[in-house]
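This report concerns only the one structure given below.
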Number of protein chains: 2
Amino acid sequence: MAEAHSGENLLFLTDEQLRQGIEAMFFAYRGFTADPDRILATMAYGRAHHRALHFIARRPGTTVNNLLGILGVTKQSLNRVLRTLIEDGLVESQQGKADRRERHLTLTDKGRSLEQSLSDAQRARMRAAYRKAGPEAVAGFRQVLEAMMDPEMRRKYHAIREADT
Amino acid sequence: MAEAHSGENLLFLTDEQLRQGIEAMFFAYRGFTADPDRILATMAYGRAHHRALHFIARRPGTTVNNLLGILGVTKQSLNRVLRTLIEDGLVESQQGKADRRERHLTLTDKGRSLEQSLSDAQRARMRAAYRKAGPEAVAGFRQVLEAMMDPEMRRKYHAIREADT
DNA sequence: CTTGGAATGTCAACAAGGCTGACGTATCTT
DNA sequence: AAGATACGTCAGCCTTGTTGACATTCCAAG
């Protein structure tokens, strides 16, 4: 089956084609982060804060450990970011009821407000790109991105919206 | 024309859909850089070195200024990276003939060898993802990425292979 | 031929945000 | 009672980005 269209694939997957894909990822990711970065630059926050806010907004009540797994950084690194967000009143940390070792993270109104403005900026670009490319292109986009993830990351990517049932 | 399928678009571009796209970009980019990062971690190099090597390999003889524009960093930052690469004998810097203020950058055999191994690792993942998703998905992938770039970055993205005539 | 400005290199200082290692405390599990 | 887990924190290091200042070299315009 793989050989059935190997000719097509050989033509298709030249190093040059792949290199262009690599460069497209590089340049696109720059655009992807540009708008939130601009907003964050006016404050004392960076991309790391944005990521934390995003996933806390996405899964209110998530634990520190869970967030660590998603972000793929060390707890020391995350803690530095989280501490400033809590101190600044953007994030709330609440001791778990079932397991009191856990801390459940939620956004305050202030945190939600910042997350919204970052998210809006990023979604606006995403929306424009999706509109420009069209629904079929978007489907392909998503497929390739998913195929590019490490298996563990793919699991997390799906898990993040599993509880949305 | 935009209104002709606005219903479809409204359904299509929910915040949730866009958020998933954002997360897909986040997780996929991690995969995208994972393999080269693993190789680089064994040496005294980082992602910045990889980027420099990539674009020098892509455009042998490119000038420092040109590279600055592509990478979007300050000359001080690039210079630090470039200096170590030159000292380590991976990159050669040659004074321009037409304009002797310019330095033209090329890879040495040693540099080409490292660039190859980084590139091979990254392309292997790309190839696997492309194969898994199929040609049509790849076309869509490329379209969306391109639409996501800043106009200036899009210009550079195209310019990088213009001279390939 | 002089001079302005462009291209490059370099020094210094700093910040964000990764990392490792070590340690402490509370809490759950066995 | 002992061990494992969740979390926080201190200390120190690295890469890679930033500004600002300054020197050099050289092209090009006047």
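Order of the sequence lines sets the chain letters (A, B, ...), proteins ahead of strands, with each chain counted from 1. Values reported hereafter were calculated over all heavy atoms of this structure, with side chains retained and with hydrogens, waters and symmetry mates removed.
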Whether A:Phe26 and B:Phe55 hold their rings parallel, tilted or perpendicular, with breakpoints at 30° and 60°: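 Correct class here is tilted.
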
Parallel, tilted or perpendicular: rings of B:His50 and B:His54 (30°, 60°):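 B:His54 and B:His50: perpendicular rings.
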
Backbone of B:Val64 reached by a side-chain donor or acceptor of B:Glu102 within 3.5 Å: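 No.
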
Heavy-atom donor-acceptor pair, B:Arg154 side chain to B:Met149 backbone, under 3.5 Å: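 Yes; at least one donor-acceptor contact below 3.5 Å.
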
Nucleotide interval of DNA chain C bounded by contacts with chain B (heavy-atom cut-off, under 4.0 Å):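 The footprint of chain B covers C:dG5 to C:dC11.
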
Sugar-phosphate, base or nothing in reach of A:Gly72, heavy atoms under 4.0 Å: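 The residue A:Gly72 makes sugar-phosphate contact but no base contact.
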
Touch class at under 4.0 angstrom, heavy-atom based, for A:Arg83 against every strand present: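 It contacts sugar-phosphate atoms only.
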
Neighbour count above 12 (heavy atom, 6.0 Å) for B:Gln76 CD: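 Above 12, so yes.
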
Sidechain N-carboxylate O distance under 4.0 Å for [X], [Y]:
X        : Y        : answer
B:Arg123 : A:Glu16  : no
B:Asp150 : A:Arg125 : yes
B:Lys156 : B:Glu152 : yes
A:Arg127 : B:Asp15  : yes

Phosphate contact (D:dC7 OP1 or OP2) by A:Asn65 side-chain N/O below 4.0 Å: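 Checking D:dC7 against A:Asn65, a side-chain N or O does come within under 4.0 Å of OP1 or OP2.
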
Interatomic distance, B:Leu82 atom CG to B:Leu71 atom CG [nearest 0.5 angstrom]: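 One finds 9.0 Å between CG of B:Leu82 and CG of B:Leu71.
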
Distance (rounded to the nearest 0.5 Å) between B:Arg80 CZ and B:His49 NE2: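 Between B:Arg80 CZ and B:His49 NE2, I get 9.0 Å after rounding to 0.5 Å.
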
Gap between atoms [atom1] and [atom2], on [X] and [N] respectively (whole Å):
X       : N      : atom1 : atom2 : value
B:Leu71 : D:dT18 : CG    : P     : 11 Å
A:Asn79 : D:dG8  : CG    : P     : 5 Å
A:Glu87 : D:dG8  : CD    : C1'   : 13 Å
A:Leu68 : D:dT9  : CG    : P     : 14 Å

Within residues 29-50 of chain A: residues closer than 4.0 Å to DNA chain D (heavy atoms):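 Nothing qualifies; none.
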
Under 4.0 Å protein heavy-atom contacts per nucleotide of nucleotides 20-30 of chain D, with B for base, S for backbone only and - for none: BB---BBS---

